[in-house]
Amino acid sequence: MRWPVMGTVAQMTSRRHADERKFGELFVRVQASYSRVEKLLSAWNPESELSRLSAAGCTNWTEAASPDVRPCYAAALRLAEESGDAFNPRIGEKLRALGMGHGRYSRFDLGAIAKGFAVDMAAEEVERAMGGRYFSLLLDLGGNLRAVGAGEWRTGVRNPFRGVDASQPEICAVITLVGGESVATSGNYERFVEKDGKRLSHILDGRTGEHVSGIAGVTVVTPREYGAMLADGLSTTLFVLGPEAGAAFLKRRYPQALALWIPDDPASPRIIATPDMAYRLERAAWPVASPRM
Ligand code: FAD
Ligand code: MG
């Protein structure tokens, strides 16, 4: 099942489920979950709760928001504090200043964490609906994946250089997700602005407001207890921090998360991976090194 939502594409794949009717029922629940998040947290819709709070000059975001989305605001503010604002939901103003604010209506931007939050909410819905029965489902919202129920799912790490060089392989490594795990990727190859022939990433350093350069992609895998929201927020955070500071940040704060960085160097493509991620990578197309710690 595929459908457009949040300016991207959602996908729901089931390996085995009780029956067609049950899968249809799960689809309705997941779709409703995503629509609710879009209605409350979209910076792209002037009528969303987030945009209305922003227009009203809100500063106490977590208290002012609807109770079911407060955890997303709280997680964004916590990640900002933990990362010294490398991750920074207040980036909306800076994006506008750089002419990247078109279509956005809020100073506060949860674009880097709210899709993962929506996937976690949907996964909870599905587990509630299935009770203890056997099922195996993969939720994918714009590249934020979560394996729900039993079974393993193999997923490819996209080759960020494929867009500039069609002779390159589509994917540069494979990761197998086990039930409950999530994976998120941040990159400079889907959303960017061109300036003087240079591609400028849609990910800014939240501390300076500058476009982040030097990294083409970051992929993060998190265990069930961290969830898809944290994978989503961490992929952006680590994109900003880079491999060295990023690996030290993970070791300090989120030791069960796995990460890889792809430096923006198509002439000598390589992967820099935390040891646990390096161990999990299959069919790596390029050399895999550890971050200098
Ligand atoms: P991520 O790395 O996950 O996020 C990058 C995004 O986060 C940037 O685009 C910017 O918005 C923000 N950001 C940049 N730097 C930082 C930083 N340092 N710290 C924190 N945040 C930062 N897109 C549309 O085109 N149309 C829509 O209608 C639309 N609706 C959306 C509704 C919702 C609820 C959400 C969550 C997103 C929506 N989007 C929409 C945006 C789109 O779906 C993605 O969220 C966006 O492209 C970023 O996702 P990503 O995974 O590619 O990159
Ligand atoms: Mg993200």
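Worth knowing before you read on, the calculation uses all heavy atoms, side chains too, and leaves out hydrogens, waters and symmetry mates. Numbering of ligands and ligand atoms starts at 1, following listing order. Just so we're clear, the structure is a prediction, and the values are computed from it rather than from any experiment.
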Please report which non-hydrogen protein atom sits nearest to [atom], along with the residue it belongs to and the distance in Å to one decimal place.
atom                    : answer
atom 37 (C) of ligand 1 : M6 O, 4.0 Å
atom 2 (O) of ligand 1  : S186 OG, 2.6 Å
atom 18 (N) of ligand 1 : L204 O, 2.7 Å
atom 21 (N) of ligand 1 : A112 CB, 3.5 Å

Within a distance under 4.0 Å of any heavy atom of [X], pick out the atoms of ligand 1 and give their elements.
X    : result
D232 : 3 (O)
A114 : 36 (C)
N88  : 17 (C), 18 (N), 19 (N), 20 (C)
S42  : 30 (N), 32 (C), 34 (C)
T236 : 1 (P), 2 (O), 3 (O), 4 (O)
G7   : 23 (N), 24 (C), 26 (N), 27 (C), 29 (C), 30 (N), 40 (C)

*Over all atoms of both residues, closest heavy-atom pair of V212 and S201*: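 That closest heavy-atom pairing would be O-CB, 3.7 Å.
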*Between E124 and R146, does at least one N-O distance fall below 4.0 Å, as a salt bridge requires?*
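Here E124 does not pair with R146 in a salt bridge, since their nearest N and O are not under 4.0 Å apart.
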*Is the closest basic N to carboxylate O distance between R128 and E125 below 4.0 Å?*
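Salt bridge flag = yes for E125 with R128.
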*With hydrophobic residues grouped by side-chain heavy-atom distances under 4.5 Å, do L241 and L258 end up in a single group?*
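Cluster IDs for L241 and L258 differ.
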*For the side chain of E244 and the backbone of R292, is there at least one donor-acceptor N/O pair under 3.5 Å apart?*
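At least one qualifying donor-acceptor pair exists.
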_For I175, is there any backbone N or O sitting under 3.5 Å from a side-chain donor or acceptor partner on R154?_
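Such a contact is absent between R154 side chain and I175 backbone.
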*Between F108 and W61, is the gap from one ring center to the other below 6.0 Å?*
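Under 6.0 Å, so yes.
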*Does the ring centre of W261 sit less than 6.0 Å away from the ring centre of F239?*
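No: the rings miss the under 6.0 Å criterion.
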_Proximal heteroatom of D232 relative to the Mg ion (ligand 2) (N/O/S)_ =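 Of the nitrogen, oxygen and sulfur atoms in D232, the Mg ion (ligand 2) lies nearest to OD1.
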*Heavy-atom gap G116 to ligand 1 smaller than 4.0 Å*: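 Checking ligand 1 against G116, which is what was asked, there is no heavy-atom contact under 4.0 Å.
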Looking at non-hydrogen atoms alone, which of [options] comes nearest to [atom]?
atom                    : options               : answer
atom 31 (C) of ligand 1 : F117, W44, F239       : W44
atom 52 (O) of ligand 1 : R191, H211, H202, K94 : H202
atom 50 (P) of ligand 1 : R104, E38, K39, K115  : K115

*asked:* Below a 4.0 angstrom heavy-atom separation, can you tell me which part of A86, side chain or backbone, both or neither, approaches ligand 1?
replied: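 For A86, the contact with ligand 1 is made by the backbone alone.
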*Considering only heavy atoms, does I91 approach ligand 1 within less than 4.0 Å through its side chain, its backbone, both, or neither?*
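Side chain only.
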*L95 to ligand 1: N or O pair under 3.5 Å?*
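Among all N and O atoms of L95, none is under 3.5 Å from an N or O of ligand 1.
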*Look up atom NE2 in H211 and atom CD1 in I203, then write down how far apart they are to the nearest 0.5 Å.*
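Here the interatomic distance stands at 11.5 Å.
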_I'd like to know if the side chain of Q11 pairs up with that of R2 as donor and acceptor (distance under 3.5 Å, no hydrogens or angles considered)._
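Their side chains do contain a donor-acceptor pair, which is all the 3.5 Å distance test asks for.
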*Could you tell me whether the side chains of S83 and T237 share a donor-acceptor contact shorter than 3.5 Å?*
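Per modelled atom types, S83 and T237 side chains form no pair under 3.5 Å.
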